[in-house]
Amino acid sequence: MAATATPPALDDSTTLIPKKLVHARPLFDRELVGRAVKASFGKLNPVTLYKNPVIFVVEVGAALTTGLLLRDTAVGRHGLGFQIQIALWLWFTVLFANFAEAMAEARGKAQADALRKTKTDTFAKRISGGGKTEIVAASKLRAGDVVLCEVGDIIPGDGEVIEGIATVDESVITGESAPVIRESGGDRSAVTGGTKVLSDQIKIRITSNPGETFLDRMIALVEGAERQKTPNEIALNILIAGLTLIFLAAVVTLQPFAIYSVRSVGVGTVPTIAALVSLLVCLIPTTIGGLLSAIGIAGMDRVMQHNVLAMSGKAVEASGDVDTLLLDKTGTITLGNRQAVEFIPVEGVTERELADAAQLSSLADETPEGRSIMVLAKEKYNLRGRELSQQEAHFVPFSAYTRMSGVDLDGHQLRKGATDAVMQFVRDLGGKVPAGFLEMSDRISRTGGTPLAVADGARLLGLVHLKDIVKGGMRERLAQLRAMGIRSVMITGDNPLTAAAIANESGVDDFLAQATPKDKLEYIRREQAQGRLVAMTGDGTNDAPALAQADVGVAMNTGTMAAKEAGNMVDLDSNPTKLLEIVAIGKQLLITRGALTTFSIMNDVSKYFAIIPAMFVTTYPALDKLNIMRLHSPQSAVLAAVIFNAVIIVALVPLALRGVKYRPQDAAGMLRRNLWIYGLGGFIAPFPCIWFIDRLLGLLHLA
Amino acid sequence: MTPIGILQIVVYFIVVLAITKPMGAFMARVFQGERTFLHPLMRPLERLIYRLTGVNEDGEQRWTQYAASLIAFSLASFLFVYAIERLQGILPFNPMHFGTKAAPPGAAPVTPDLAYNTAASFLTNTNWQAYSGEMTFSYFVQMAALAVQNFVSAAAGIAVAVALIRGFARHQARAIGNFWVDLTRCTLYILLPISFVAALIFCSRGAIQNFHAYTQVKTLEGSTQTIPQGPVASQEAIKLLGTNGGGFFNANSAHPFENPTPLTDFIQVILIFLIPAGLTYTFGRMVGDTRQGWAIFAAMTILFAAGVFVCYHYEAAGNPILAKLGVESKYTGSQPGGNMEGKETRFGIAQSALFATVTTDASCGAVNSMHDSYTPIGGLVPLFNMETDEVIFGGVGSGFYGMLLYAIVGVFIAGLMVGRTPEYLGKKLQQKEVKMAMLAILATAFVILVFAGITSVIPFAKNGYWNPPGPATANLNNSGPHGFSEILYAYSSAPENNGSAFAGISVDTPWYNLTLGLAMLIGRFAFMIPALVIAGCLAEKKKVPISSGTLPTHDALFVGLLVGTVIVVGALTFFPALALGPLVEHFLMHGGKLFTMLIFPRWS
């Protein structure tokens, strides 16, 4: 079998996130950094900053410290070096957090600008009710208008081809330079505003109002203008806001505790406001608070880099939660071009006669399978493809319901299609199915092939054996999915036996054979009723209900507008295998959030050991026993903790933007690994860092 | 630490382990309305109660109705207890004539603030006692008001825990059970029978049970001594079983009439953990995977073991200042060594450390020794146990739902690290669950810190209502960090519904009575209501099937995670406060400094 001959190469495509990203750009692009730095200052505005409670608290603390500093300066107090430094570093903390967010946004904006450049002012040839053509600005078009596009025209808005066929350059959207065919009817009728007609002419019915086109939405999305916090992000925000409140209580009440202690022991002074604010800022989860929105934006960005357009951050997040993947067999699991390899006639029919009928019925069949039948017939019997005009022949296109196609010619009804569909067709016309025919068909199925029955009216002629080729490395990828707890389900129009053989060969967990769009929809509903989240890809209009029902529906860009509207992502490369990458990105996004939250919280332990002994050194010198880092002075201890707290935000920006390293493995293994790295790491890392900063401050005579 | 001491603790734990499954399985049957061996006896009574109160046994409630029932019941309880306390002078079973002019000299008046504090204390299962039982309340108050609350407040706590468990167990359901049914069943099938048996055992070992007036005896020295009497044994059993902790006498379980022998002492600590430990198994049973319950049990065990051995270690090590003075502080055959101050000789250091740890792991609050006299670190253990919301087995019901809230927080953070929206027992943890869990943890932390903070510095004017003039800290027995620990302990004990006292503060003043009373109410309901919201919210959700992509919540990793969450959240919240209390006191003690008593304590 062809598939077994394919080496299970573990090439780049088998790791879930390929190293080479489509639109990858350097993380710290000079221009972007410049833009982000500028934006960080703009974000200091408390009116907008209050939406990030953690960083807002830092800003309030910084303002308070600065205010007290100004007061102290006004009264001419000396030795304010420490206070100045604290105030400065608190402002830096806010700026660093702003920078992280601005950096992520800048990357999105850069992408949006690139898109906007393509959105030149175009004019449209609108066809009015009377059939006259008038020139109007593209921005004046409304949904329902019909426009004419000829060679060289920019398509003025999203729409559906209602007449004609044309080649279109969609590189603006997809980055793919090869032109694509767009024609009326069928699944290739959708066109996108901003793309260019290269040949022929088409009439298009506009489907979107100005400002709502695909391109507009795409720009808004990458720019983050439409960014809404995702459910998980909101929940995490609540958690860190709650922690902030707890620490606020702990620090604010420390003041009366300290007053009591000083009074009771009779020595020392109560910690200054600057010291208390420093402690608060060090304790509240500024690391995750500063990086949270950057992580979300970067997640969207990563999806974009894979040439997938997510309609919302929620969709990206949901893809991490997916339990069941519905994968179309053709093009996803198998290479998609099933090849005809054999004609098997029934008794009393010659192979040549079968080949001839098969070829005739495939004349209008543009699919790779149809063409491979033509090729096989030509190779074996030197039968040439004939030109038939619409007058002599009536072509019957394939539909998902009849599961047959063919031609009506000279009173003959030539049909080819799924075995049971053709058998039904023959029986309906009063014909007989030869004994053992079904068995013949099953024999092909059992080997993983696809039997295609051919009939001439009521007379069953025989079978064409189509062979399916499983993509290299697919088995490994599906095994990775299984390790991650994701079930893969193969969707195919094939009969159950064929499906089972391919399923077995590729290693999917389940399959849905002879699937009609309705079956798909029902399968999704069933899975969802059991609490599972389902992801699928689709392109046809009949996929739309299932795409809408699925939790993650990835529409192919080549698909119809209906499919694109129904799904919550569009793959611009129209590569159904990309579903696997999308899932990985969703998971990576959630992991990054969890990892940085854990890291942020675990950091706090060390800061207590730095700040608490320093604060009470005058009242309780015995607390110096808690100064396990042996920081050299109380001031440098506080300052070192504050500086570490600020710098760590910037240090983790690359991690937030790129996402943490992600390896497909089971949940327990993944948790263990991440707990070691970010839990234990977060606990230990600050100790040497704070110690080092303390020494540095000493060397520089800053504290 | 001595081998025999360690053995006592180990044996104790083995017994707890052994009773967890049978107890848990029995409770699961009770709350799922299945038949138990007590049915022939209790079922007719149960039916009768429903008929009299008009409760529809099969009518389940949504969380809102469940919470409303709970609050209505608590409010009624409050008014009932308050009224009885204030009216004890005209009520029966009052041989010592409390509340009348004929009360014995030294009897404390039941002021409105004390009555409020006590009512709040018993309805919230706290059993904080700003009074001395034998000098304040008649037998009728002790039985009809306080002991009844000991039963029903425990049952209410267990009911909420069971409701939360149902939230996890159910799939797209609106109801989480019926509060009145849970309350009734818990009382009839679980609390009453066990208390009855335990009370008989206590009686047989020497605990008293009578309605006599106090006895006057002539001592060997020729002076007279008053020996209080009362229905003690019956109250003793539920005090521990219901993790209430309110003693009949002021000396609580250190009093020989309450806790006469080492054997009764052992039974008492077993009773404290009986229901909380059993609930872990009940949980496993009800959610259909007993491993889930054992995982929580394991996490609780680790925290328990850490606490008890730290406490025991420091108590056995004793006070280095005394050792320097030449006092024998090592264990010898004839004397225990270590820190015996405030401990009963019939229990010794190991049993005392065990009791102190267990009573604060659970929100019991009964004591068999004086926590104020513990070494700084020995005293830190009970304090920290309370401040982590008493989830180490915990109070009946409250400990368990508290631990589940911690599990929700822990699983939420860690769950993200496996790349999925976090799930616990197949339920997705989202906004509402996280919000409610944080709210509960936040509320108690706030109450502890804010009230302790205010009390540390607040001064009072002359002739004011609130407190004798001067700072609130003038009520303390000790200065310095030890005095601070006393404040912190009181304001931790109240909102955590523990009720044990470090003691060392004169707390029967309006300021302390009202603030502590408020703290108890907030601590109870700001924890319970969020738990019920979560229960309702989870019940409505689908149960997501477990896959290898789901965070496993029954393995060692989860246990570690849960332990870590409890410790880290607790430590981060209270580290500054603890540093100024027990920690610095510890360092200072090793530096040779102690904090002297200022005045003689009003109560021991």
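Sequence lines set the chain letters: A, B, ... in the order given, protein chains first and strands last, and positions in each chain run from 1.
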For chain B, which residues of residues 240-248 of chain A have heavy atoms nearer than 4.5 angstrom: A:G242, A:L243, A:L245, A:I246, A:F247

Portion of A:M602 that has a non-hydrogen atom of chain B nearer than 4.5 angstrom: side chain

Region of A:S261 in contact with chain B, defined by heavy-atom distances below 4.5 Å: side chain

A:F683 atom CZ, neighbour heavy-atom count above 12 within 6.0 Å: no

Residue part contacting chain B, namely of A:I611, when any heavy atom lies under 4.5 Å: neither

Which portion of A:V251 sits near chain B, non-hydrogen atoms under 4.5 angstrom: neither

Interface moiety of A:A318 toward chain B, non-hydrogen atoms closer than 4.5 Å: neither

Ring centres under 6.0 angstrom apart (A:F257, B:F484): yes

Contact winner vs chain A - B:Q172, B:M417, B:H171, heavy-atom pairs under 4.5 Å: B:M417

Selection from B:M438, B:K432, B:H586, B:R420 maximising heavy-atom pairs under 4.5 Å formed with chain A: B:R420

Any side-chain donor near an acceptor of the partner, B:S547 and A:D323, under 3.5 Å: no

Distance-only polar pair, side chains of B:Y491 and B:T515, donor-acceptor under 3.5 Å: yes

salt_bridge(A:R487, A:E527) N-O dist < 4.0 Å: yes

